[in-house]
Protein chains: 2
Amino acid sequence: MVMNDSTSTQAADLDAIFSALGDPTRRALLCQLAKGEASVAQLRAPFEMSQPAISKHLKVLENAGLITRATRGTSRPARLHAAHLSEALGWLEDFRKFWQGNFTQLDTLLASMPQQKED
Amino acid sequence: MVMNDSTSTQAADLDAIFSALGDPTRRALLCQLAKGEASVAQLRAPFEMSQPAISKHLKVLENAGLITRATRGTSRPARLHAAHLSEALGWLEDFRKFWQGNFTQLDTLLASMPQQKED
DNA sequence: CCTCAACATAACCATATGGTTATGAATGAT
DNA sequence: ATCATTCATAACCATATGGTTATGTTGAGG
């Protein structure tokens, strides 16, 4: 497994995806969208936040490839684009496998060594 | 499943974890640490970046609960703390399940409706 | 055609982020 | 005791982020 930038998933993608997920409002928006597509007004409803703020968050999610926008009249409904979410999942799962595989070795290694003071 | 802040995982945790993962340097640091614990100097080696910059990144990772620090003499080696990584994984996997479950419904729903122009 | 509704965009602001250089503190070695 | 090494912290800077209000744009309906 390759754990650096030579992976098929571009580092910039992961930057955008993880950063997008780092905001609670945006995670909540994704949760709403998991129930189906929704307009800006609908997405805004649960929040005490201005409409432009929601539009900005949606743009961040769109740039991260996590949602797509349509145009239906004056409405611009958003919907999930799960492919990019799996990129983040993929990285984390790969990382977990890598770490877990290595952890076993490390564990074995530590067990065969004189005890060390940890701090 | 609960997709909001009332989950056992605090929203603030996820904020910190995902934000921490949003930086390529920090992901690279985690990859290095997946091979085993490492000192600041060792972690710094692959980067063209000052030592304080690395220390700052390590603090971000530590605040996110993704690593722990030890103290061995003048060295302060870092090591992975995978439990918090699984929080991010957990959120993403839960989200995927939620979305996938709902996607089926949505798909069925759309199939039973008159065709709509998408944009 | 006029107007309302639904958004987007611009301009602005405060704070956060990611880097730097300079300096300080603690430990190990001589 | 001194000195070098390892790292943390402080101060600073440029840019990004997350919010606001004000305004522009575009399509639907009377």
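A quick note: this is a predicted structure, and the numbers were derived from the prediction, not measured. Proteins come first, then strands; the chains are lettered A, B, ... in the order of their sequence lines, and each starts at number 1.
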Check your understanding: Is A/Arg26 touching bases, backbone alone, or none of the nucleic acid, heavy atoms closer than 4.0 Å?
Key -> sugar-phosphate
Check your understanding: Of all heavy-atom pairs between B/Ala16 and B/Ala64, which one has the smallest distance, and what is that distance?
Key -> O-CB, 3.6 Å
**Study point:** ILVMFWY network linking B/Ile54 to B/Val60, side-chain heavy atoms under 4.5 angstrom
**Key:** no
Point to revise | Closest-nucleotide 5' rank along DNA chain D - winner of B/Gln42 and B/Lys56 | key: B/Gln42
Exercise for review: Choose from C/dA6, C/dA8, C/dT20 the nucleotide whose nearest atom is closest to any side-chain atom of A/Ser55.
Suggested key: C/dA8
Practice item. Classify the nucleic acid contact of B/Ser50 as base, sugar-phosphate or nothing, counting any heavy atom under 4.0 Å across all strands shown. Key: base
Exercise for review: Would you state whether a donor and an acceptor, one from the side chain of B/Gln51 and one from the base of D/dA8, lie under 3.5 Å apart?
Suggested key: yes
Revision key, fill the gap. When A/Gly73 and A/Pro52 are each assigned the nearest nucleotide of DNA chain D, the 5'-most assignment goes to A/Pro52
Check your understanding: Could you give the CG-to-C1' distance, from A/Asn63 to D/dA16, as a whole number of Å?
Key -> 14 Å
Review point. Does B/Arg72 come within less than 4.0 Å of B/Glu37, counting only side-chain N to carboxylate O?
Key: yes
Exercise for review: Any chance you could lay out the salt bridge (charged side-chain N to carboxylate O under 4.0 Å, His left out) test for B/Arg96 and A/Glu87, step after step, and finish with the verdict?
Suggested key: CA-CA 12 Å; B/Arg96 178 170 62 177; A/Glu87 289 194 20; over 6 Å; no
Review point. Considering only side-chain heavy atoms of B/His57, which listed nucleotide, D/dA8, C/dA26, C/dG18, is closest?
Key: C/dG18
Practice item. Remember a base hit wins even if backbone is also touched, and classify B/Ala41 as base, sugar-phosphate or nothing at under 4.0 Å, heavy atoms. Key: sugar-phosphate
